[in-house]
Amino acid sequence: KAEAKKRKKEIEYKEEMGVWKKLGISACGIDSKDEKVIVMLEDVSEMNITNFKNEVINSPLIKFCQLSFSKDNASVTSR
């Protein structure tokens, strides 16, 4: 039973990561200062924000940012 439970969690994790990839989510977190959920997208275009809102939730409590990586650093751009 323990092995079956472990396998189920692995499948759920893979499915969740597939959804993240489909929606272009790089990371998420909490902005305690503004009391909002931060969703970091690979591409913070209006189309991707609308897609997220249609597929997950449309809430004024969500703040969208773009998370970009280069060879030497990472940067976050707010939308």
Side-chain angles (χ1 to χ4, degrees):
K1 283 187 174 184
E3 187 62 34
K5 208 174 209 182
K6 181 181 175 186
R7 179 75 181 130
K8 184 179 179 199
K9 284 188 178 198
E10 288 175 4
I11 291 169
E12 288 171 354
Y13 173 77
K14 287 179 183 176
E15 288 173 354
E16 184 176 312
M17 293 311 297
V19 170
W20 276 46
K21 187 171 183 149
K22 175 185 164 200
L23 294 172
I25 301 170
S26 299
C28 60
I30 303 292
D31 180 341
S32 57
K33 181 181 159 206
D34 290 340
E35 297 181 345
K36 293 190 176 197
V37 174
I38 300 172
V39 175
M40 296 184 194
L41 301 173
E42 295 168 5
D43 174 14
V44 73
S45 69
E46 200 58 45
M47 182 179 80
N48 287 340
I49 291 171
T50 299
N51 189 34
F52 179 93
K53 289 177 176 180
N54 290 337
E55 294 288 325
V56 182
I57 189 170
N58 184 356
S59 170
L61 299 176
I62 298 176
K63 177 178 171 180
F64 293 95
C65 298
Q66 183 164 323
L67 180 60
S68 303
F69 294 97
S70 67
K71 182 180 174 189
D72 298 318
N73 69 5
S75 65
V76 175
T77 307
S78 293
R79 177 77 183 217

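The first residue in the sequence is number 1, and the count goes up from there.
The side chain to side chain donor-acceptor pair (under 3.5 Å) search around Asn51 returns none, not counting sequence neighbours. Scored by the salt bridge (charged side-chain N to carboxylate O under 4.0 Å, His left out) test, Lys33 finds no partners at all (sequence neighbours excluded). By the salt bridge (charged side-chain N to carboxylate O under 4.0 Å, His left out) test, Glu42 pairs with no residue at all, sequence neighbours left out. Qualifying side-chain contact (heavy atoms from CB on, under 4.5 Å) partners for Asn54, counting only residues two or more places apart in sequence or in other chains: Thr50. With sequence neighbours excluded, the residues that form a side-chain contact (heavy atoms from CB on, under 4.5 Å) with Ser59 are Ile57, Leu61, Ile62. The salt bridge (charged side-chain N to carboxylate O under 4.0 Å, His left out) test applied to Asp43 returns no partner, not counting sequence neighbours. Scored by the side chain to side chain donor-acceptor pair (under 3.5 Å) test, Glu46 finds Arg79 as partners (sequence neighbours excluded).
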Item to check | Stepwise side-chain contact (heavy atoms from CB on, under 4.5 Å) check, Val37 with Ile30 | outcome: CA-CA 5 Å; Val37 174; Ile30 303 292; 4.1 Å; yes
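With rounding to the nearest 0.5 Å, the separation of CG in Leu23 from CD in Glu55 is 6.0 Å. Atom CD1 of Ile38 and atom SG of Cys28 lie 9.5 Å apart (nearest 0.5 Å).
For residues 37-63, every residue pair satisfying the ring-ring contact (aromatic ring centres under 6.0 Å, His included) rule, not counting sequence neighbours, is listed here: Phe52-Phe64.
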